[in-house]
A.B. asks: 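Sharing a structure with you now.
Read the numbers this way: they start at 1 and go in the same order the structure lists the ligands and their atoms. All values below come from the heavy atoms of this structure, side chains included, with hydrogens, waters and symmetry mates left out. This is a predicted model, so every value here is computed, not measured.
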Amino acid sequence: MNFTVAIVGRPNVGKSTLFNRIVGKRISIVDDKPGVTRDRIYALVEWKGKKFTIVDTGGIEPGGTDLMTTQVRRQVEFAIESANLIIFLMDSRDGLLPADEEVANILRKSRKPIIAVVNKVDDYSMKTGLYEFYRLGLGEPVFISALHGSNVGDLLDRIVEFIGESEEPEYDESVIKVAVIGRPNVGKSSLVNALLGEERVIVSDVPGTTRDAIDTPFEYEGQQMVLIDTAGLRRKSRIKEDIEFYSHLRALQAVERADIALVVLDATEEITEQDKKIAGIAHESGRGIIIVVNKWDLVEKDDKTIYRYTENIRDELAFIQYAPVIFVSAKTKKRVNKILELIRFVMDQYTFRIDKAALNELLEDATALVAPPTIKGRKLKIYSLEQTGIKPPTFVLTVNDTELLHFSYVRYIENKLRERFGLEGTPVVLKGRNRKRND
Ligand SMILES: Nc1nc2c(ncn2[C@@H]2O[C@H](COP(=O)(O)OP(=O)(O)OP(=O)(O)O)[C@@H](O)[C@H]2O)c(=O)[nH]1
Ligand SMILES: Nc1nc2c(ncn2[C@@H]2O[C@H](COP(=O)(O)OP(=O)(O)OP(=O)(O)O)[C@@H](O)[C@H]2O)c(=O)[nH]1
């Protein structure tokens with residue numbers, strides 16, 4: 001499971017500023033899309049080779065400054081429930097307020113690891129007079145200026161000290177890592193059970209109820225696989241936004257470690273924005289994708305039903321045309337084994353290597369059929385098409401000027417690649433680069 005760090009604190013202490021500072025400062029941005037709910041955002045962060053998810057629990061509700069507001073209480077509950085480490089942010093200008101002490105008491109009792117951070121120390125000389133913050137009994141506070149970035153690096157160092165080397169199990173390259181994602185109640189747990197063939201995971205009727213799951217390795221016809229889950233995200237909440245938030249975070253964290261994502265849809269319900277967002281997470285992180293339409297046993301069918309469903313999915317989830325669609329029932333286990341076969345197939349596609357000669361031939365044929373465009377009197381020249389990587393298959397077009405390499409022509413080449421080589425279930429990355437002098 002991904003290590004989760006939550007920032008809590010009274011309104012206006014600088015939570016969002018710190019969040020943005022950390023997200024902007026870090027070495028590699030994995031996903032910097034704002035989260036889903038109005039009052040929380042999250043991002044994956046990497047610092048000194050260690051990864052964690054940071055959550056800004058910042059509220060929008062203006063509240064009194066000397067009493068703990070409901071909003072702060074909710075943030076704190078959220079953090080205690082689902083974070084591995086809590087950053088408790090205070091404001092040096094306000095000094096230590098009773099509301100801070102109140103939060104500190106709750107946090108201390110939770111026995112969660114906590115880092116006390118005092119913000120808005122823009123000028124180091126301000127540090128004198130801040131000794132009161134040591135009184136909290138939360139260890140040595142870190143004094144930072146989120147606005148100017150001072151000491152934020154030290155804070156990140158302190159954060160990653162809490163992350164063990166072996167937070168995430170490592171698997172052999174040959175193991176196929178599969179994440180089962182989808183909005184609440186579509187049947188993820190049931191599907192995991194059906195795939196594994198035993199009632200190992202606790203299934204519940206209440207949307208968003210929890211199960212403490214772990215990675216489950218298993219073997220299918222000689223192929224090692226592991227179902228990846230994000231344990232520890234306890235979701236006792238009944239608040240709709242919270243449930244949605246958890247389900248996105250869970251998808252994000254599971255997909256991050258997977259080769260292939262099973263995007264589970266509920267056949268008895270319309271495709272919602274939330275389904276789209278979750279599918280988007282898998283697509284944007286460049287994973288192999290299989291669309292699994294579950295609860296097929298509940299659908300009244302005629303000979304056109306599958307066709308209509310597929311059409312609708314292609315319309316609604318247009319950005320993942322490449323993903324195969326399979327209709328199953330976790331309950332009756334109908335076609336569940338087919339998923340395992342599809343996983344193997346998509347993994348082949350996801351790691352597909354095309355030899356040089358075949359790519360040259362494709363480029364020749366494609367450019368003969370539709371000539372590269374001329375833009376403002378300048379003609380695009382394509383010198384080569386080469387594969388530079390897998391997971392997902394990644395290609396580079398070497399051209400005279402990437403400015404001339406229009407999106408639509410890139411799309412055309414991608415379509416040609418798919419036409420000839422399949423690449424079903426996998427995103428394809430196609431980049432342009434300018435020819436260097438010595439090429
Ligand atoms: N001088 C100074 N101002 C800061 C610093 N960090 C944040 N601020 C300012 O403090 C104000 C509040 O910052 P936010 O990041 O919005 O605070 P927040 O805790 O997310 O606030 P809520 O969303 O209400 O919970 C803004 O005007 C920031 O520019 C800092 O290090 N120094
Ligand atoms: N009829 C039918 N019911 C199903 C099927 N799959 C799951 N269900 C039911 O749908 C409900 C939700 O299933 P879960 O497996 O808990 O769904 P989930 O996606 O894991 O839900 P969360 O843990 O809330 O995210 C349960 O009542 C299941 O019994 C199916 O294929 N057919």
A.B. asks: Do any nitrogen or oxygen atoms of R93 lie less than 3.5 angstrom from nitrogen or oxygen atoms of ligand 1?
C.D. replies: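 The answer is yes, given that R93 and ligand 1 share an N or O pair closer than 3.5 Å.
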A.B. asks: Could you check which of I181, N185, V328 puts a non-hydrogen atom nearest to atom 22 (P) of ligand 2?
C.D. replies: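 Ranked by closest heavy atom to atom 22 (P) of ligand 2, first place is N185.
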A.B. asks: My understanding is that we take every heavy atom of each candidate and find the minimum distance to atom 20 (O) of ligand 1. Doing that for G149, S145, S16, which one comes out nearest?
C.D. replies: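 The nearest heavy atom belongs to S16.
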A.B. asks: Purely on distance, is any nitrogen or oxygen of V121 under 3.5 Å from one on ligand 1?
C.D. replies: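 Not met; the criterion fails.
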A.B. asks: Show the atoms of ligand 1 that are less than 4.0 angstrom away from any heavy atom in T17.
C.D. replies: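 This gives 6 (N), 7 (C), 13 (O), 14 (P), 15 (O), 28 (C) as the contact atoms.
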A.B. asks: Test your reading of the structure: does G14 have an N or O sitting under 3.5 Å from an N or O of ligand 1?
C.D. replies: yes
A.B. asks: Parallel, tilted or perpendicular: which describes the rings of F352 and F421, with under 30° parallel and over 60° perpendicular?
C.D. replies: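 Because their plane-to-plane angle lies in the 30° to 60° range, the rings of F352 and F421 count as tilted.
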A.B. asks: Report yes or no: does R10 contribute a side-chain atom to a donor-acceptor pair with the main-chain N or O of A99 at less than 3.5 Å?
C.D. replies: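 No: the side chain of R10 does not pair with the backbone of A99.
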A.B. asks: With heavy atoms of S190 as the reference, note each atom of ligand 2 found under 4.0 Å away.
C.D. replies: 6 (N), 7 (C), 13 (O), 14 (P), 15 (O), 28 (C)
A.B. asks: Any idea which atoms of ligand 2 are less than 4.0 Å away from a heavy-atom of D297?
C.D. replies: 1 (N), 2 (C), 30 (C), 31 (O), 32 (N)
A.B. asks: If I apply the N/O under 3.5 Å rule, does L147 come out as touching ligand 1?
C.D. replies: yes
A.B. asks: Working to the nearest 0.5 Å, report the span between CG of L96 and CZ of R135.
C.D. replies: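 One gets 5.5 Å once the value is rounded to the nearest 0.5 Å.
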A.B. asks: Quick one: does H148 get an N or O within less than 3.5 Å of an N or O on ligand 1?
C.D. replies: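 No; every N/O pair is 3.5 Å or more apart.
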A.B. asks: With heavy-atom distances below 4.0 Å as the criterion, list the atoms of ligand 2 near V186.
C.D. replies: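 So the answer, numbered in order with elements, is 19 (O).
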A.B. asks: Give a yes or no on whether the backbone of V429 and the side-chain of K431 come within a donor-acceptor separation of less than 3.5 Å.
C.D. replies: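 Here the side-chain-to-backbone pair does not exist.
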A.B. asks: Any carboxylate oxygen within less than 4.0 angstrom of a Lys/Arg side-chain nitrogen, looking at E419 and K416?
C.D. replies: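 The answer is yes: the pair qualifies as a salt bridge.
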A.B. asks: May I ask you to test the R314-V325 pair for a side-chain heavy-atom distance under 4.5 Å?
C.D. replies: yes
A.B. asks: May I ask you to check if ligand 2 and W296 share an N or O to N or O distance below 3.5 Å?
C.D. replies: no
A.B. asks: Counting heavy atoms only, which part of I144 comes closer than 4.0 Å to ligand 1: side chain, backbone, both or neither?
C.D. replies: neither
A.B. asks: Mind checking whether Y309 and W296 have parallel, tilted or perpendicular rings, split at 30° and 60°?
C.D. replies: perpendicular
A.B. asks: Looking only at distance, does A330 have an N or O less than 3.5 Å from an N or O of ligand 2?
C.D. replies: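 Right, the criterion is met.
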A.B. asks: Are any side-chain N or O atoms of K50 and backbone N or O atoms of V45, one a donor and one an acceptor, separated by less than 3.5 Å?
C.D. replies: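 Judged by distance alone, no pair lies under 3.5 Å.
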A.B. asks: Could you check whether any side-chain N or O of R418 sits under 3.5 Å from a backbone N or O of Y322, counting only pairs where one atom can act as donor and the other as acceptor?
C.D. replies: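 No, R418 side chain to Y322 backbone: no donor-acceptor pair under 3.5 Å.
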